[in-house]
Amino acid sequence: MKIALITNDDELSSYQGVGLPDGVRLLYRTGLTPESSEEEFAQILTDLHADVVVIGPDVDPTRTLQIGRVIGRSHPEVDVVAYRQADTSFLAEAMRARIRDVPEPSENHETLTVSLRSLHEAAAVRRDQILADQTTDELKGVTTVFGPKGGVGKSTLAVNLACALAAEAGNEVLLIDYDLLAGDIADLVQIESDFTVSRAIDSGAPFDAANLKLSLASLPNGPLVLPAPASLVEAEQLTTDDLSQFLTEVVDVFRYVVVDTGPGSTDATIAALAATKDLIITTTADVGAVRTLGRHLSAVESLGLLPPSRHLVLNQYDRRAGIATADIETALGQPIDITVPIDRQVQSAGNDGVPYITTKGRGPIVSAITELAGLIAEGAEEAEPAKAKGWFK
């Protein structure tokens, strides 16, 4: 456990943590000024990799509350302690700023030691509970939603599939947005989180399953969610090896990991395919989408990344327009497993940030998504389909 002390106070800077459990490491950060920005505070935490942040009594009360709010948004897994004299008004604001404790300064900092010891014990309990929830014999592996042509409803499908799986598995489902350049999973489920794919991978610290779960955004009665990077700069810093390694780590933590991918065959998509157990192949009933999908499937197969368990989903299907389903199956050499009919309410739900499947108790779309989730949960027979043939050859 790492404890960072943000202070310019000489007495607190000499605090040695006598009485704290073994393995606790104290880190010190000085030089903060009232002009320090929120980004600087967030960067301090990233640099220190702290589990607990203690804000010293010399820091202005308003600044202390601001730091608490910044940490709550950017590093929700980190506990914050405001070590200072406080009145009732400050205590109320501290609760809203997600500050866990406000011990009053005391001789030899005994009150601080008691507070930190309590947080250490609580963190150990949380960690044990989280790790105890992992049932190794029920792990299912990575499910990748793949559709190289934009506009086929891939992200919406990924969101609703994750929600359908979570109806049974709860927060043992992780939804990851690997469309690094233009991912919109966060918008589709209306969450705001600074803990993104880039933050999870490029933390500089060893992988920690418990901290990961505590940091992830969650949907009510739904999956945990890891959004795409917040900027193109962050996205470009992630390598294929980084992305692949991360999936090999999270697959040991969650029963289901649903990965949404971007258009084309990006490095992130290749990384996802390399870790995939179940591939959800997504297309709409138009010539361009089917041809694009066919070309990319051939390329993926040539790379040896086409898993035996794969399911073709015909999405946004309108039987009055587009190609006949038999022609699509002939072109791709793959039977259509699930047909999701077109419905404008699906797009409306996405615009409202509410997964469609959570708003409807029944109907053909709910049935289709539920059936797809059942295929993932039960495991498909690992039969090799006929080689693809048709328009894209």
Side-chain angles (χ1 to χ4, degrees), residues 142-161 178-179 182 258-344 346-347 364-365 367-376 378-393:
V142 173
T143 298
T144 296
V145 183
F146 177 73
K149 188 177 186 297
V152 298
K154 185 171 62 282
S155 297
T156 299
L157 180 63
V159 167
N160 283 279
L161 173 61
Y178 259 27
D179 184 355
V258 178
V259 180
D260 182 34
T261 57
S265 296
T266 64
D267 289 346
T269 299
I270 296 301
L273 289 171
T276 296
K277 178 179 180 293
D278 292 282
L279 182 64
I280 309 300
I281 306 167
T282 313
T283 188
T284 50
D286 64 88
V287 174
V290 174
R291 283 178 172 170
T292 300
L293 175 60
R295 286 194 297 269
H296 282 266
L297 284 176
S298 293
V300 169
E301 184 178 28
S302 69
L303 294 173
L305 297 177
L306 203 58
S309 179
R310 46 195 187 265
H311 314 286
L312 177 59
V313 176
L314 179 57
N315 205 18
Q316 304 172 355
Y317 180 61
D318 184 351
R319 65 178 65 255
R320 296 168 300 181
I323 312 166
T325 55
D327 291 336
I328 294 172
E329 292 178 329
T330 299
L332 297 175
Q334 169 94 24
I336 296 171
D337 297 289
I338 303 291
T339 298
V340 181
I342 191 168
D343 189 332
R344 292 179 180 177
V346 175
Q347 183 177 1
I365 293 180
S367 297
I369 299 298
T370 302
E371 183 180 354
L372 179 60
L375 291 176
I376 302 303
E378 296 169 5
E381 294 182 5
E382 296 187 354
E384 187 71 19
K387 287 190 177 295
K389 56 186 178 181
W391 295 312
F392 54 83
K393 281 295 190 178

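If you read the sequence from its start, that first residue is 1, and numbering goes on from there. The figures here come from the full heavy-atom set of this structure, side chains too, leaving out hydrogens, waters and symmetry mates.
- Tested against Ile280 for a side chain to side chain contact (heavy atoms under 4.5 Å, CB included), the candidates Leu372, Ile338, Val258 yield a single pass: Leu372.
- Atoms NE2 and CG, on His311 and Asp278 in that order, are 4.5 Å from each other to the nearest 0.5 Å.
- Closest heavy-atom contact between Asp337 and Glu371: O-OE2, 4.3 Å.
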Thr370 and Ser367: side-chain hydrogen bond (donor to acceptor under 3.5 Å, both in side chains), yes or no, with the steps? CA-CA 5 Å; Thr370 302; Ser367 297; over 6 Å; no

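- Heavy atoms only, all atoms of each residue included: Gly262 and Asp179 are closest at CA-CG, 3.5 Å.
- Between the side chain of Glu329 and the backbone N or O of Ile336 there is at least one donor-acceptor pair closer than 3.5 Å.
- Contact of the His296 side chain with the Thr292 side chain is registered, since non-hydrogen atoms from C-beta on lie closer than 4.5 Å.
- The CG atom of Leu297 sits 4.0 Å away from atom CG of Leu293, with the distance rounded to the nearest 0.5 Å.
- For the pair Leu279 and Thr276, the minimum side-chain heavy-atom distance is below 4.5 Å.
- Considering CG of Leu375 and OG of Ser309, their distance stands at 8.5 Å, rounded to 0.5 Å.
- Contact detail for Gln334 and Arg310: the closest heavy-atom pair is NE2-O, 3.6 Å.
- Tyr317 approaches Ala285 most closely through the heavy-atom pair CD1-CB, 3.9 Å.
- Between Leu312 and Pro335, every side-chain heavy-atom pair lies at or beyond the 4.5 Å cut-off.
- Between Phe146 and Lys154 there is no side-chain heavy-atom pair separated by less than 4.5 Å.
- The shortest distance between side-chain heavy atoms of Thr283 and Lys149 does not fall below 4.5 Å.
- Side-chain contact of Thr282 with Asn315: a donor-acceptor pair under 3.5 Å is absent, judged by distance alone.
- For the pair Leu332 and Val290, the tightest heavy-atom approach, listed with the atom from each and the gap, is CD2-O, 3.8 Å.
- Annotation: side chain of Thr143 is not in contact with side chain of Val259 (no heavy-atom distance under 4.5 Å).
- Side-chain atoms of Thr261 come within 3.5 Å of backbone N or O of Val145 as a donor-acceptor pair.
- Of all the heavy atoms in Val142 and Ala275, the pair that sits closest is CB-O, 3.3 Å.
- With contacts defined as side-chain heavy-atom distances shorter than 4.5 Å, the pair Thr144/Lys277 does not qualify.
- Going from atom OG of Ser298 over to atom CG of Leu303 covers 11.0 Å, rounded to the nearest 0.5 Å.
- Pro263 has its side chain out of reach of Pro148: every pair of non-hydrogen atoms, C-beta onward, lies at least 4.5 Å apart.
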